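Working notes for the structure below.
Counting convention: from 1, in listed order, for ligands and their atoms alike. Note that this is a predicted model, so its numbers are computed, not measured.
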Amino acid sequence: MNPVEQLAQYSTGHWVSQMVYAFAKNAMGDAFEGQVKSSEQIANTCELEAQPTYRLLRALAPLGIVKQHEEQQDHFELTELGSFLTSTHPMSMVDKVLLEASYEHVLMWTHLAEYLKTGEMAPSKVFGLDNYFGLFDARPEHVDVFSKAMSCYTNDEVAMINAMPTLDFTGIEKMVDVGGAYGALLKAILGKHTNMQGILFDQQAVVDRVAPSEQMAVQGGDFFTNVPADCDGYFLKHILHDWDDALCATILGNVVKVMKPDARIFIGEFGPVPGPNEPHLSKMFDLHMMICLNGKERTMDQWTTLLARAGLTVKAVHQSFGPLCVIEAQRA
Ligand SMILES: C[S@@+](CC[C@H](N)C(=O)[O-])C[C@H]1O[C@@H](n2cnc3c(N)ncnc32)[C@H](O)[C@@H]1O
């Protein structure tokens, strides 16, 4: 690709994201039912207009999501890639697409250029909210969109966590999933460690939608005030990247205050952010956290400093095949 083509592609990235969003939002992947279908059949099933549906499918074919038939050109089939955009795929990406390409997220990203000048958070500028999580009150339907997307991220990340050769939960009797959304991570951990008990802790509006089980209690609350006490494991996945260092120190301080003396804290994040020029999801996600919450992804040095501020020391850094790392910390 020459520079003109490359930059043209970068500048129209939102076209691609909206094409994928339109496909997922209208459940078009499910409408294929594993068969070759005409665009009109897909349009009928999804209650869409026929011509725009044809034009979207035609444009999605070069992206590898569907395959357009050479002879019957109004006929399409789902590819292997496109099958991840069905609700029934075990690693379905639908919920992640519905969050990341949502109106709210796209609108906030349009604020990046101005953020560089003002440092004003996108939710404040765009929606008049204090921070990203204000969306949960302002648009209650966003709670479900967001939390389902978190489960979708977690499905992928559980495989990474299970593949971390040095990560071992032996000795942990009670694990808290701090800010655990719908509990996908905690349920996966408890499923593997049947003698462990768990507490799913998140905002009340989130945990109201989760049923407890014999192994998993559910507790609503605010981690800036307190977290469940007397446990020996605390997992914070994609929590600290949301917040600046001072707010992270408050959250960690609240954990340290009430945890058992020999408890371990597991921090799951994209990273640590690697050195110059090395591609890593954390470098892009860092911008997302910056505009949404003044949060950030951190280098290993930044993690060590932050943890020391809360009276903690790094016990181990666990990694496997993906962009997620788990930093294990304990009292210094
Ligand atoms: C980025 S999500 C991470 C969710 C989950 N840990 C995961 O990795 O899939 C952040 C979570 O923190 C929760 N949260 C935000 N502010 C909170 C607060 N003050 N107290 C408790 N939970 C909070 C949100 O509701 C959300 O579920």
May I ask you to identify the nearest protein heavy atom to [atom], giving residue, atom name and distance to one decimal place in Å?
| atom | answer |
| --- | --- |
| atom 1 (C) of ligand 1 | H238 O, 3.1 Å |
| atom 12 (O) of ligand 1 | I239 CD1, 3.6 Å |
| atom 8 (O) of ligand 1 | K237 NZ, 2.7 Å |
| atom 24 (C) of ligand 1 | D202 OD1, 3.4 Å |

Charged N to carboxylate O below 4.0 Å: is that the case for [X] and [Y]?
| X | Y | value |
| --- | --- | --- |
| R139 | E104 | yes |
| D245 | K296 | yes |
| E114 | K125 | yes |

In ligand 1, which numbered atoms sit nearer than 4.0 Å to a non-hydrogen atom of [X]?
| X | answer |
| --- | --- |
| F146 | 1 (C), 2 (S), 26 (C) |
| D222 | 18 (C), 19 (N), 20 (N) |
| G179 | 3 (C), 4 (C), 5 (C), 6 (N), 11 (C), 12 (O), 27 (O) |
| D242 | 1 (C), 10 (C) |
| F224 | 19 (N) |
| F136 | 25 (O) |
| T154 | 9 (O) |
| G221 | 20 (N), 21 (C) |

Could you tell me whether [X] and ligand 1 have an N or O pair separated by under 3.5 Å?
| X | value |
| --- | --- |
| S151 | no |
| W243 | no |
| Q203 | yes |

Record the part of [X] in heavy-atom contact with ligand 1 below 4.0 Å; permitted values are side chain, backbone, both and neither.
| X | value |
| --- | --- |
| V206 | side chain |
| Y153 | neither |
| L185 | neither |
| L236 | neither |

Geometric cation-pi criterion, K237 with F266: 6.0 Å, 45°:
no

Are the side chain of [X] and the backbone of [Y] linked by a donor-acceptor contact shorter than 3.5 Å?
| X | Y | value |
| --- | --- | --- |
| N254 | F224 | yes |
| N155 | M91 | no |
| R298 | L240 | yes |
| D30 | T86 | no |
| Y182 | V206 | no |

Parallel, tilted or perpendicular: which describes the rings of [X] and [Y], with under 30° parallel and over 60° perpendicular?
| X | Y | result |
| --- | --- | --- |
| H241 | F285 | parallel |
| H111 | Y115 | perpendicular |
| F169 | H193 | perpendicular |

For atom 16 (N) of ligand 1, which candidate among Y182, F223, Y132 holds the nearest heavy atom?
F223

If you count the non-hydrogen atoms of other residues, nucleotides and ligands that lie under 6.0 Å from CD in E141, is the total more than 12?
yes

Quick one: does S147 get within less than 4.0 Å of ligand 1, heavy atoms only?
no

